[in-house]
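Step one of this worksheet: look at the structure below.
One-based numbering, in listed order, for ligands and for the atoms of each.
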Amino acid sequence: MKFFIDTANLDQIKDAQELGVLDGVTTNPSLMAKEGITGRNNILKHYVDICNIVDGDVSAEVIATDLQGMIREGEVLADLHEQIVVKVPMIRDGVKALKYFADKGIRTNCTLVFSPGQALLAAKAGATYVSPFIGRLDDISTDGLNLISEIRHIYDNYGYETEILAASIRHTMHIIDCAKVGADVMTGPLSAIEGLLKHPLTDIGLEKFLADYNKGN
Ligand code: G3P
C-alpha cells in the first residue's frame with residue numbers, strides 16, 4: 001500500500017518524508033488556502049517546493065471546470081515537475097480531460113469521487129488514480145469503506161490499472177480498513193500515519209526491557 005500525505009504543509013511533508021514511509025503528496029485548493037498559499041504563481045511555486053521534498057507523486061489540482069481550461073491548466077501543472085499528477089474533478093468535462101491527458105501520457109488523479117459508477121468512468125477514461133472520499137461519505141452516514149470495496153471489486157473484474165487512492169482519510173483505522181479491502185494508496189493527515197505506530201504494550205514492554213537492562217549495569 002502506498003502512503004500519501006494529504007496536506008500542503010511543508011513541515012508535515014518533511015516529517016512524513018523523514019519517517020521513511022512516504023510515497024507521495026495530495027493537495028487541493030482548500031489545503032493550499034489553509035497554509036495561506038494563494039495566487040497562481042505562489043501555488044505553482046509551492047507545488048515545486050513539495051516535489052523537491054518528496055520522491056513520489058504530487059497531485060496538483062486544476063481550478064477550471066471546462067475542458068479547454070482544464071487542459072490548459074493541466075499542461076502547465078504537468079510541465080512544472082515530472083512528479084506532478086494532474087488532479088481533475090469528476091464532472092462531465094473532467095472525464096473528457098482525463099481521456100485527453102491519458103492519450104498525451106500525462107498522469108491524472110480523478111478527485112471528488114463518491115460512487116462506484118464515477119470510479120468506473122474514471123478508469124474507462126484512463127485515470128492513473130481515482131480518489132474516493134471515504135471520510136466525507138462517513139460524515140453523511142454512508143459507509144465510505146464500502147465504496148472502496150465496491151471499486152476494488154469492479155476494477156478487479158476487468159483488470160483496470162487505475163489505482164484506488166482512498167482519500168478523505170481521517171484517522172488510523174481508516175488506513176487499516178482500507179488496507180484490508182485492498183486500496184492501492186491512502187492519503188491522509190500525518191496524525192493518522194503516526195497513529196499506526198502506537199500501542200501501549202510496546203511502550204510498557206520497552207520500559208521493562210530498559211529497566212531490566214539497567215539492573216545489570
Ligand atoms: O484528499 C481529499 C481530502 O483532502 C479531503 O479530505 O478531510 O477534507 O474530507 P477531507
Side-chain angles (χ1 to χ4, degrees), residues 1-13 15-17 21-38 43 46-47 49-51 53-54 56-63 65 70 73-74 77 83-91 94 97-98 107-116 118-119 121-123 127-148 150-152 162-179 181 183-196:
M1 188 188 211
K2 288 190 213 167
F3 277 19
F4 289 0
I5 189 170
D6 195 30
T7 184
N9 181 293
L10 298 183
D11 289 334
Q12 289 188 18
I13 294 168
D15 270 5
Q17 174 70 17
V21 297
L22 192 65
D23 301 298
V25 177
T26 51
T27 61
N28 61 40
S30 306
L31 293 171
M32 283 286 184
K34 192 173 163 196
E35 298 308 318
I37 313 295
T38 54
I43 290 173
H46 204 71
Y47 285 136
D49 290 344
I50 294 173
C51 289
I53 297 172
V54 298
D57 291 346
V58 175
S59 287
E61 188 156 342
V62 298
I63 304 302
T65 53
M70 282 190 256
E73 282 182 29
L77 291 169
Q83 287 165 239
I84 292 285
V85 174
V86 178
K87 208 169 178 188
V88 175
M90 172 37 78
I91 54 177
L98 291 171
R107 294 175 310 134
T108 53
N109 174 358
C110 180
T111 190
L112 291 166
V113 166
F114 293 95
S115 78
Q118 291 179 322
L121 265 182
T128 313
Y129 296 102
V130 66
S131 286
F133 279 31
I134 73 170
R136 290 193 193 182
L137 283 170
D138 289 355
D139 287 345
I140 56 158
S141 310
T142 304
D143 186 352
L145 186 67
N146 186 52
L147 175 60
I148 305 293
E150 288 183 303
I151 299 171
R152 178 77 285 151
T162 300
E163 293 189 53
I164 302 172
L165 195 171
S168 185
I169 292 268
R170 301 279 174 74
H171 51 72
T172 305
M173 277 313 294
H174 269 158
I175 301 179
I176 294 167
D177 288 337
C178 283
V181 300
D184 299 291
V185 191
M186 80 81 202
T187 191
L190 182 61
S191 59
I193 297 172
E194 288 180 336
L196 294 168

### Query
Quick one: nearest non-hydrogen protein atom to atom 6 (O) of ligand 1, plus distance?
S168 CA, 3.4 Å

### Message
Tell me the protein heavy atom at minimum distance from atom 7 (O) of ligand 1, and give that distance in Å.
### Response
R170 NE, 2.8 Å

### Message
Distance under 4.0 Å to a non-hydrogen atom of A167: what atoms of ligand 1 satisfy this?
### Response
1 (O), 2 (C)

#### Entry: Residue, atom name and distance, where the atom is the protein heavy atom closest to atom 5 (C) of ligand 1
R136 NH2, 3.6 Å

### Query
What protein heavy atom is closest to atom 4 (O) of ligand 1, reported as residue, atom name and distance in Å?
D6 OD2, 2.6 Å

### Query
Considering only heavy atoms, does N28 approach ligand 1 within less than 4.0 Å through its side chain, its backbone, both, or neither?
side chain

### Query
What are the two closest non-hydrogen atoms of G56 and Q83, and how far apart are they?
O-NE2, 2.7 Å

### Message
Checking D57 against R107 for the salt bridge (charged side-chain N to carboxylate O under 4.0 Å, His left out) test, could you report, in this order, the C-alpha distance in whole Å, the side-chain angles of both residues, the deciding distance, and whether it holds?
### Response
CA-CA 10 Å; D57 291 346; R107 294 175 310 134; 2.9 Å; yes

### Task
Specify the protein heavy atom at minimum distance from atom 2 (C) of ligand 1: its residue, its atom name, and the distance to 0.1 Å.
F133 CZ, 3.4 Å

### Summary
side-chain contact (heavy atoms from CB on, under 4.5 Å) filter on L196, not counting sequence neighbours, yields F3, T172, I175, I176

All N/O donor-acceptor pairs, side-chain side in residues 31-38, below 3.5 Å, sequence neighbours left out:
unit_1	atom_1	unit_2	atom_2	d
E35	OE1	N9	ND2	3.1

#### Entry: Non-hydrogen atoms of E61 and Y47 that approach each other most closely
N-OH, 3.3 Å

#### Entry: Note: D184-R152 ion pair, threshold 4.0 Å (strictly below)
yes

